[in-house]
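Here the structure is laid out as structure tokens; the discussion comes afterwards.
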Protein chains: 2
Amino acid sequence: MTQSKGEPRIPTETIKRLGLYLRRLRRLLTSSVETVSSEEITRYLDISSHQFRKDLSYFGPFGRRGVGYKTDQLIVQLEKILGLDSECPIALVGVGKLGSAFLAYTGFSNFNIRIVAAFDNDITKIGKNWEGIRIEDLSRLETIVPELKIKLAVLTVPAEYAQEVGIQLAKSGVKGILNFAPANLNLPGEVLVINVDMAAELMALAYLVQKLDR
Amino acid sequence: MTQSKGEPRIPTETIKRLGLYLRRLRRLLTSSVETVSSEEITRYLDISSHQFRKDLSYFGPFGRRGVGYKTDQLIVQLEKILGLDSECPIALVGVGKLGSAFLAYTGFSNFNIRIVAAFDNDITKIGKNWEGIRIEDLSRLETIVPELKIKLAVLTVPAEYAQEVGIQLAKSGVKGILNFAPANLNLPGEVLVINVDMAAELMALAYLVQKLDR
DNA sequence: TGATGTGAATAACTTCACAGCG
DNA sequence: CGCTGTGAAGTTATTCACATCA
């Protein structure tokens with residue numbers, strides 16, 4: 001995929017950091033901090049203030065030189081950039097242990113991200129309410145997802161079902177999938193997949209730690 | 001931190017990919033594939049064969065030119081590199097929904113990674129068995145972890161406890177932490193932290209998807 | 001001949017240094 | 001004067017091209 005010359009390419013890592021900034025800013029706002037410097041925002045984030053300012057610079061100038069940033073304004077701007085200024089409905093597929101953890105997770109609600117539909121193929125779960133969400137039959141996915149205009153999904157099914165469900169999601173108009181199954185999705189069209197591979201992360205950690213003490 | 005001139009620096013991304021290769025190779029071995037090419041290994045992985053060979057090259061030559069790699073041998077080599085040739089005991093702290101999902105996750109067992117201790121501060125959980133692991137009182141962490149010589153931990157506690165528990169883990173000799181709490185850990189000594197931030201991933205996905213359709 | 005292994009070229013990302021501006 | 005914003009420099013990672021060897 002080529003890039004037209006005028007547009008500045010924005011690192012994916014930058015995008016991920018925007019979320020961290022947003023969370024931090026919310027906390028600062030809760031503490032009634034009305035104006036912040038790049039130093040202050042990044043203080044507990046393991047990110048340099050340089051990096052923060054560089055990240056923002058891809059989207060435009062937001063601060064006042066010599067002063068800093070207005071906390072509430074910057075929050076609004078970041079939300080807009082991330083597309084979280086209006087509520088973002090998401091679907092969850094696979095209500096096993098990990099899926100349940102997701103349903104219960106409160107960390108999204110602050111960010112206009114809400115799970116509005118959950119699916120499973122386990123008859124004993126279908127029709128029940130978990131965390132206020134009714135579990136639907138997987139076979140109804142292709143009806144419900146377009147109806148609710150859902151564009152994002154979290155995939156927490158066993159690896160062997162991941163591809164199949166991925167296809168169903170793609171057919172239903174989903175454009176982005178956060179995939180927790182240790183399986184690679186091969187999907188038609190412009191569907192973006194972010195893989196979170198917990199085993200791979202642990203293995204990497206094992207290596208890095210082992211290397212520390214030579 | 002400077003690097004002595006002779007050693008080749010190994011990208012962290014390379015390390016994470018080693019785990020993916022290992023999983024794929026196991027699957028191939030299960031399918032009785034005895035010899036594989038770099039093409040075949042990376043086929044469903046969204047990784048180029050170039051990348052695979054480059055990744056391996058940091059650690060030495062493992063294949064036969066014109067032929068490929070012996071599946072079983074390469075598995076052994078990768079395990080050795082990752083430090084997973086002997087069993088790697090890990091501790092889990094925080095047996096909430098996400099922690100429980102981890103305990104139940106079978107994806108590690110193939111990789112010599114095993115959760116051997118779980119901790120929580122919820123009296124109703126302590127002493128009970130979950131997935132064959134006895135839940136211990138958080139206050140016993142600093143006794144049990146050194147006893148079992150545990151070097152890696154998974155942190156699935158609420159954000160407000162993360163720092164505190166991180167300190168306890170560091171004191172107990174843990175050298176690497178896979179942190180799921182949306183909080184930054186500030187730890188003494190040489191403790192490596194890998195953060196998995198599910199909300200940040202979702203936010204990044206929201207951005208990327210929104211950008212697709214201009 | 002066929003697939004690996006790797007230096008060199010390219011691309012991507014981060015850090016720096018300082019100009020710009022309130 | 002202080003902190004932001006950003007081009008440029010530096011670093012890190014990926015892709016390429018081909019020498020290499022069974």
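Chain letters run A, B, ... following the sequence lines, proteins first and then strands; every chain starts at 1.
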*What are the bounds, 5' to 3', of the part of DNA chain D that sits under 4.0 Å from heavy atoms of chain A?*
D:dG2 to D:dA8
*Identify, with sequence neighbours excluded, every residue that meets ring pair (Phe, Tyr, Trp, His ring centres under 6.0 Å) alongside B:Phe111.*
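With sequence neighbours excluded, B:Phe111 shows a ring pair (Phe, Tyr, Trp, His ring centres under 6.0 Å) to no residue whatsoever.
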*Contacts of A:Tyr207 that satisfy ring pair (Phe, Tyr, Trp, His ring centres under 6.0 Å) - sequence neighbours left out*: none
*Using salt bridge (charged side-chain N to carboxylate O under 4.0 Å, His left out) as the criterion, list what pairs up with B:Arg26, not counting sequence neighbours.*
B:Glu79
*Report the residues that fulfil salt bridge (charged side-chain N to carboxylate O under 4.0 Å, His left out) with A:Arg53, sequence neighbours left out, ordered by chain and then residue number.*
none
*Who pairs with B:Asn112 by side-chain hydrogen bond (donor to acceptor under 3.5 Å, both in side chains), at least two apart in sequence or on another chain?*
none
*asked:* At under 4.0 Å between heavy atoms, how does the protein contact nucleotides 12-18 of chain C? Give one character per nucleotide, 5' to 3', with B, S or -.
replied: SSBBBB-
Please table the atom pairs, donor to acceptor, closer than 3.5 Å between any side-chain atom in residues 68-75 of chain A and protein atoms at least two apart or in another chain.
from    : atom 1 : to      : atom 2 : distance (Å)
A:Thr71 : OG1    : A:Val33 : O      : 2.7
A:Thr71 : OG1    : A:Glu34 : O      : 3.0

*Is A:Ser38 touching bases, backbone alone, or none of the nucleic acid, heavy atoms closer than 4.0 Å?*
sugar-phosphate
*Under 4.0 Å from any atom of DNA chain C, heavy atoms only: list the residues of residues 64-80 of chain B that qualify, in numerical order.*
B:Arg64, B:Arg65, B:Gly66, B:Val67, B:Gly68, B:Tyr69
Donor-acceptor contacts, no H, no angles, side chain residues 93-106 of chain A, under 3.5 Å, sequence neighbours left out:
from     : atom 1 : to       : atom 2 : distance (Å)
A:Lys97  : NZ     : B:Glu131 : OE2    : 3.0
A:Ser100 : OG     : A:Gly96  : O      : 2.6

*Report the distance from atom CG of B:Leu56 to atom P of C:dA3, rounded to the nearest whole Å.*
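It works out to 17 Å between those atoms.
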*Of all pairs that satisfy ring-ring contact (aromatic ring centres under 6.0 Å, His included), the ones with a partner from residues 9-28 of chain B, not counting sequence neighbours*: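 Matches after skipping sequence neighbours: B:Tyr21-B:Phe52.
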*Counting distance only, does the side-chain N/O of A:Arg114 pair as donor-acceptor with the main-chain N or O of A:Pro89 below 3.5 Å?*
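No; zero donor-acceptor contacts below 3.5 Å.
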_Contacts of type side chain to side chain contact (heavy atoms under 4.5 Å, CB included), residue A:Asn121, not counting sequence neighbours_ = A:Leu138
